[in-house]
Novice: 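Let me give you the structure first, and then I'll get to my questions.
Residue numbers begin at 1 in each chain, while the letters A, B, ... track the order of the sequences. Owing to the predicted nature of the structure, the values given are computational and were not obtained by experimental measurement.
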Amino acid sequence: MSQQEPAKTYEPQAVEPAISDQWLASDAFRPQHGEEAYCIVIPPPNVTGSLHMGHAFTFTLQDSLIRWQRLSGKETLWQPGTDHAGIATQMVVERLLDKEGLHRRDMGRERFLDRVWQWKEHSGGTIVNQLKRMGASCDWSRERFTLDEGLSRAVREVFVRLYEEGLIYRGKRLVNWDPVLETAVSDLEVQHEEEQGKLWHMCYPLADDPAQHIIVATTRPETMFGDAAVAVHPEDDRYKHLIGKQVLLPLTDRAIPVIADEYVDPAFGTGCVKITPAHDFNDYEVGKRHDLPQINILTPRAHMVDEEAVPEKYRGMERYEAREHVVADLDAAGLLHKIADHVHQVGRGDRSHAILEPYLTDQWYVKIAPLAEPAIKAVEDGDIRFVPDFWAKTYFEWMRNIQDWCISRQLWWGHRIPAWYCESCDHITVSRGTPECCEGCGGKGIKQDDDVLDTWFSSGLWPFSTLGWPDATPEMAKFYPTNVLVTGFDIIFFWVARMIMMGIKFTGQVPFRDIYIHALIRDAQGQKMSKSKGNVIDPLEMIDRYGADALRFTLAHMATPGRDVKLDEKRIESNRNFMNKIWNAARFVFMNRGDAKPDASFKPASEVNKWILAELDAVRAEVDQAFSEYRFNEAAGALYNFIWGTYCDWYVEAAKVALYGDDEAAKAETQVVMLTALEGWLRLLHPICPFITETLWQTLHGPDARLVSDAWPQPFGEHDDDAVRRMRLVIEVVSAIRSIRGEMNVPPGKRIAASIACNDNVRADLTAQQGLLMNLARLETLDWLAADAELDAAAVAPLAQAKVFLPLAGLVNVEEEMKRLQKGIQKLDGDIAKLETKLTNPKFRDNAPAEIIGKVQAELEEAVAKRADFMASMEKLKKL
RNA sequence: GGGCGAAUAGCUCAGCUGGGAGAGCAACGGUCUUACAAACCGUAGGUCACAGGUUCGAUCCCUGUUUCGCCCACCA
């Protein structure tokens with residue numbers, strides 16, 4: 001059977017799955033021998049996740065780096081895995097249970113966790129499979145999960161060691177409490193949103209003269225039952241006389257003191273603030289300064305407590321229901337002075353979106369300052385480098401003002417805190433394993449803490465826990481510190497900072513050398529993509545429609561450092577066209593290859609062939625440079641320009657002259673070089689577009705060949721500068737002729753006559769390529785003229801080294817050409833004026849480097865000459 | 001309130017060390033030229049946000065202004 005002819009149009013759907021299977025079936029993604037190691041740990045996607053454009057973006061960049069380094073001969077590891085994502089996952093499973101009419105509290109912890117694990121086994125692989133579709137070359141045999149055995153051991157090790165050093169402690173403090181999820185969250189998980197609220201002005205009567213009152217302004221009237229004082233500014237003359245007196249808390253029978261504290265801003269509201277230490281962060285601090293009682297009035301679900309502090313009427317009410325009643329009752333009692341509109345910040349939970357409560361609870365904290373200090377220094381000293389570097393500023397800003405980290409969560413899905421409480425004494429046993437008894441008194445009655453750790457606690461260990469820490473594994477020795485972390489700026493605090501702190505603390509080394517921070521993917525209008533807005537572009541849909549390579553190329557091409565990516569489907573479409581262009585260029589090469597094979601050591605004789613190899617070398621250097629600086633857009637751009645603009649537009653067209661000609665030697669040489677160049681740029685493009693390049697590679701080298709495990713191109717050695725110069729000259733002349741043809745509307749197929757006036761050297765350069773020139777410019781005849789010759793009745797294109805004439809006879813009318821010349825002259829006049837001003841400026845002549853002056857001088861001379869040519873041509877036309 | 005980023009062609013954006021203003025898409029004109037019409041050839045289009053400053057020279061460096069975006073922050 002004859003081999004099937006490749007389709008005229010590239011169909012990624014037809015080739016990608018098979019290529020993907022080949023890679024996965026082989027060991028291509030496992031670290032292979034190499035002198036140097038190169039490692040990236042994947043930012044573990046949530047196990048609940050499915051691939052969105054942000055993932056597609058970050059993983060494209062990471063895969064490009066890994067494939068580039070792998071081809072370059074490094075021993076590469078891209079360490080994959082997923083994150084258990086405590087709250088997110090628990091919410092997903094709870095929602096599923098809800099449909100079955102089940103609630104986790106009814107099921108109990110064990111049964112609930114069984115269900116979550118079941119869910120994880122069943123659905124947790126989604127994103128990993130999607131990653132594989134993108135072509136991500138992770139070593140899948142090393143896939144990790146933050147809750148698996150090894151990583152859990154690392155978590156316990158870290159917890160115990162920090163506890164033993166006094167860097168983890170338990171304390172009762174005000175935390176951000178999510179009343180829907182009923183758990184504490186960290187400061188970072190609070191989203192501050194500006195909302196339209198009200199400022200209620202409430203009257204608190206004086207105890208010794210109830211006819212008088214002071215007015216407090218508050219955004220939270222329902223918390224008044226937790227009030228412990230009213231505060232005024234010590235220098236506020238309006239209230240100075242009241243300091244130390246008591247006021248009556250309305251709707252209750254309590255009296256509270258008026259205190260003085262500089263926290264109060266006399267200019268805001270009434271200048272009197274109710275102090276509610278158990279329900280407001282500022283008031284908590286004020287309360288501590290004045291030794292005020294902390295009166296809790298809310299349940300974990302933010303209902304009013306059934307306790308003495310709250311009058312019976314309000315007990316059990318939800319917080320906002322209570323608010324309405326309190327306000328109404330105050331109004332009825334004549335104690336509501338006024339209600340003003342007020343815009344203020346409200347803290348919401350980033351998962352539940354519930355309004356958070358400052359809430360007094362026992363939680364575990366990491367004392368962070370001692371960990372932060374060396375982590376700051378590592379970036380200051382350049383042991384870790386942010387790219388772009390301005391992110392370091394953001395990092396420093398946060399790290400230098402860092403607060404202790406609340407790490408306990410009142411959830412079930414996660415690493416359970418390895419602390420046990422004793423029934424008979426106060427001792428807390430913190431242990432790597434499961435203790436038999438209390439370390440303090442030896443009592444057998446111990447019970448483990450119910451809470452789990454913040455998900456980011458385990459993520460913070462990811463770069464070393466995945467490599468086998470706390471054991472001294474070969475992978476730790478070889479791949480740690482890892483080379484680069486690629487991630488978005490949204491998790492610099494959540495994740496990046498914590499990995500740096502934990503990494504330095506527990507391995508004594510930074511976890512990665514470079515941090516490449518990429519931007520966010522937005523929609524074509526610059527809006528953040530979100531399901532609710534309905535503007536989400538689904539990467540899998542894009543892969544279905546245009547292929548993974550088109551998507552990857554688009555993302556890489558748009559990855560300009562530090563700038564958000566506005567993604568328009570049209571861009572993906574046009575890069576799909578690029579893939580199609582590549583497909584067809586390769587198809588042409590295969591159709592015309594004869595028996596030739598690529599040969600990187602081959603030394604061609606023809607200038608066209610020398611030239612393309614030189615250009616290929618140049619683009620290889622460009623791509624290397626771009627990747628090494630994380631300038632993905634430049635790597636992609638250089639490849640696009642070379643493959644389409646140089647190889648396809650010029651080289652393939654030029655090669656046809658030899659391929660279709662009679663000179664067998666020239667033909668054979670061209671076959672080798674066009675294959676060699678194709679082979680070269682397939683390698684260069686592979687990191688960004690692995691599928692199409694692998695497919696074509698196997699067409700080139702046979703079904704057993706694998707580009708994924710092959711090598712980066714080597715330089716071709718010495719270049720023939722003359723060949724490059726001559727080819728560029730040919731391109732310039734051909735372009736000039738095409739330009740006139742286009743403007744004169746000469747049909748592309750029509751062969752015309754041309755004359756070129758130039759000196760002997762240029763003529764020698766051009767005659768060396770005369771056949772090529774005539775072919776590309778579609779010339780019938782080509783005549784040579786003396787350098788200063790003029791041709792009557794011809795359109796002229798003055799170039800730096802030559803004048804090209806196209807006789808008008810039978811081509812165009814004179815008026816068209818006159819117009820064209822006029823336009824050219826006008827433009828040159830402007831250029832000449834500017835250049836002359838510059839050159840006649842003595843300051844410029846005195847100060848500018850000779851090189852620049854020479855350049856400007858040359859530009860001026862060229863412009864003047866061109867103008868003269870145009871003028872001369874015009875004069876002649878006028879005579880006709 | 002503090003900080004960061006951005007402003008370049010109709011649209012989306014490159015422009016890395018100060019000396020040429022560029023690409024893709026869209027538009028317009030011409031082409032089925034034996035790899036590709038998802039293509040080819042060509043044309044047009046910009047006061048580089050504004051105002052100053054430094055410099056022989058500024059899209060680029062500095063200062064200020066305006067607009068947009070983001071992050072951080074306890075004004076009840």
Side-chain angles (χ1 to χ4, degrees), chain A residues 6 8-10 187-188 192 199-200 216-220 231 263-265 267-276 280-286 342 344-345 347 358 388 390-391 393-394 397-398 401 489-490 492-493 519-520 522 524-526 528 546 557-558 560-568 570-571 573-592 625-626 629 631 633-634 637 640-641 645 648-649 652-653 656 660 735 738-750 778 838 841-849 851-853 855-856 859:
Chain A
K8 241 179 146 175
T9 302
Y10 177 52
D187 298 348
L188 285 176
H192 295 278
L199 199 55
W200 284 273
V216 298
T218 181
T219 54
R220 300 213 53 195
Y263 152 69
V264 179
D265 175 3
F268 186 87
T270 60
C272 302
V273 190
K274 64 195 265 310
I275 300 298
T276 320
D280 182 280
F281 287 101
N282 291 311
D283 294 5
Y284 180 78
E285 295 301 324
V286 175
H342 180 61
H344 63 136
Q345 298 278 325
F390 59 75
W391 287 112
K393 208 166 171 175
T394 305
E397 190 61 26
W398 188 69
N401 297 294
F489 57 80
D490 48 332
I492 289 178
F493 307 144
L520 236 52
R522 300 174 178 278
Q525 279 72 45
K528 209 167 168 174
Y546 305 109
H557 203 177
M558 299 183 82
T560 305
R563 185 151 179 159
D564 280 354
V565 177
K566 284 188 209 164
L567 185 66
D568 190 333
K570 279 201 272 187
R571 299 296 288 256
E573 189 185 343
S574 70
N575 284 319
R576 181 273 315 263
N577 297 353
F578 178 41
M579 296 304 125
N580 192 49
K581 185 76 182 176
I582 287 168
W583 182 257
N584 278 295
R587 217 160 56 86
F588 171 84
V589 171
F590 296 145
M591 274 160 36
N592 293 283
Q625 181 74 16
E629 294 173 359
R631 296 177 173 275
N633 61 318
E634 288 182 12
Y640 186 96
N641 290 338
C648 293
D649 286 350
V652 167
E653 294 309 315
K656 284 175 184 173
Y660 298 158
S735 297
R738 282 178 179 170
S739 175
I740 295 176
R741 294 179 61 124
E743 278 184 89
M744 301 289 151
N745 280 341
V746 178
K750 185 177 168 92
R778 299 251 148 202
K838 201 169 195 178
N841 182 348
K843 286 179 181 169
F844 175 73
R845 300 212 71 103
D846 292 346
N847 292 293
E851 187 194 326
I852 296 295
I853 295 175
K855 209 171 138 189
V856 174
E859 273 172 38

Novice: If we take the P atom in both B:G15 and B:G5, what is their distance in whole Å?
Specialist: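 Roughly 15 Å separates the two P atoms.
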Novice: With sequence neighbours left out, write down each residue that passes salt bridge (charged side-chain N to carboxylate O under 4.0 Å, His left out) with A:Lys838, or none if nothing qualifies.
Specialist: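 In terms of salt bridge (charged side-chain N to carboxylate O under 4.0 Å, His left out), with neighbours along the sequence ignored, A:Lys838 is linked to no residue.
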Novice: Which letters describe nucleotides 26-40 of chain B, given B = protein heavy atom under 4.0 Å from base, S = only from sugar-phosphate, - = neither?
Specialist: ---SSS-B-BB-BSS
Novice: Is any side-chain heavy atom of A:Glu397 closer than 4.5 Å to one of A:Lys393?
Specialist: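 When only atoms from C-beta onward are counted, A:Glu397 and A:Lys393 do not touch, as no gap falls below 4.5 Å.
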Novice: Taking side chain to side chain donor-acceptor pair (under 3.5 Å) as the definition, give me every residue that meets it alongside A:Arg778, ordered by chain and number, with sequence neighbours left out.
Specialist: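 Residues passing side chain to side chain donor-acceptor pair (under 3.5 Å) with A:Arg778: none at all.
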Novice: Classify the ring geometry of A:Tyr640 against A:Phe578: parallel below 30°, tilted from 30° to 60°, perpendicular beyond 60°.
Specialist: tilted
Novice: By side chain to side chain donor-acceptor pair (under 3.5 Å), which residues pair with A:Asp280, not counting sequence neighbours?
Specialist: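 Per chain and number, A:Asp280 pairs via side chain to side chain donor-acceptor pair (under 3.5 Å) with no residue.
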Novice: For A:Glu743, check salt bridge (charged side-chain N to carboxylate O under 4.0 Å, His left out) against everything at least two apart and list the hits.
Specialist: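 Residues passing salt bridge (charged side-chain N to carboxylate O under 4.0 Å, His left out) with A:Glu743: A:Lys823.
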Novice: Using the C1' atom as the reference point in each nucleotide, state the distance between B:G18 and B:G57 in Å, no decimals.
Specialist: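 It comes out at 8 Å once rounded to the nearest Å.
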Novice: Can you give the dot-bracket line for RNA chain B, where a pair is Watson-Crick or G-U wobble with both atom distances under 3.5 Å, crossing pairs use [ ], and | marks a partner on another strand?
Specialist: (((((((..((((.....[..)))).(((((.......))))).....(((((..]....))))))))))))....
Novice: Treat primed atoms plus P, OP1 and OP2 as sugar-phosphate and everything else as base, then score nucleotides 14-22 of chain B 5' to 3': B for base contact with protein heavy atoms under 4.0 Å, S for sugar-phosphate contact only, - for none.
Specialist: S-B--B---
Novice: Listed by chain and number, what are the salt bridge (charged side-chain N to carboxylate O under 4.0 Å, His left out) partners of A:Arg576, not counting sequence neighbours?
Specialist: A:Glu573
Novice: Determine the Euclidean distance between corresponding P atoms of B:A35 and B:C11; express it in Å to zero decimal places.
Specialist: 39 Å
Novice: Could you work out the separation of B:A38 and B:A27 based on their P atoms and round it to a whole Å?
Specialist: 14 Å
Novice: Could you measure between the two P atoms, the one in B:C48 and the one in B:C28, and give it in whole Å?
Specialist: 27 Å
Novice: Does B:G57 have OP1 or OP2 under 4.0 Å away from a side-chain N or O of A:Lys843?
Specialist: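 No.
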Novice: Sequence neighbours excluded, which residues qualify as side chain to side chain donor-acceptor pair (under 3.5 Å) partners of A:Gln625?
Specialist: A:Glu629
Novice: What pairs with A:Arg738 under salt bridge (charged side-chain N to carboxylate O under 4.0 Å, His left out), at least two apart in sequence or on another chain?
Specialist: none
Novice: What interatomic distance, in whole Å, is found between P of B:C32 and the corresponding atom of B:A7?
Specialist: 43 Å
Novice: Polar atom pairs between nucleotides 72-76 of chain B and protein, under 3.5 Å, N or O only, would you list them?
Specialist:
| unit_1 | atom_1 | unit_2 | atom_2 | d |
| --- | --- | --- | --- | --- |
| B:C74 | O2' | A:Asn282 | ND2 | 2.8 |
| B:C74 | N1 | A:Asn282 | OD1 | 3.0 |
| B:C74 | O2 | A:Asn282 | OD1 | 2.8 |
| B:C75 | O2 | A:Asp265 | OD2 | 3.2 |
| B:C75 | N3 | A:Asp265 | OD2 | 2.9 |
| B:A76 | OP2 | A:His342 | NE2 | 3.4 |
| B:A76 | O2' | A:Ala217 | O | 3.3 |
| B:A76 | N6 | A:Asp265 | O | 2.7 |
| B:A76 | N6 | A:Phe268 | O | 2.7 |
| B:A76 | N1 | A:Asp265 | N | 3.1 |

Novice: Determine the Euclidean distance between corresponding C1' atoms of B:C25 and B:A44; express it in Å to zero decimal places.
Specialist: 15 Å
Novice: Return yes if some donor-acceptor pair links the side-chain N/O of A:Asn584 with the main-chain N/O of A:Lys8 below 3.5 Å, else return no.
Specialist: yes
Novice: CH2 of A:Trp398 to CG of A:Leu188: how many Å apart, nearest 0.5 Å?
Specialist: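 Answer for the CH2-CG pair, A:Trp398 versus A:Leu188, is 5.0 Å.
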Novice: Would you measure the distance from the P atom in B:C4 across to the matching atom in B:C61 and give it in whole Å?
Specialist: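 Rounded to whole Å, the distance is 15 Å.
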Novice: List the residues meeting side chain to side chain donor-acceptor pair (under 3.5 Å) with A:Asp265, not counting sequence neighbours, and say none if there are none.
Specialist: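 None.
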Novice: Establish, yes or no, whether the cationic atom of A:Lys656 lies under 6.0 Å from the six-membered ring centre of A:Phe588 and within 45° of the ring axis.
Specialist: yes
Novice: Please check: side-chain N/O of A:Arg571 versus main-chain N/O of A:Lys566, any donor-acceptor pairing under 3.5 Å?
Specialist: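 Looks like no, no N/O pair under 3.5 Å.
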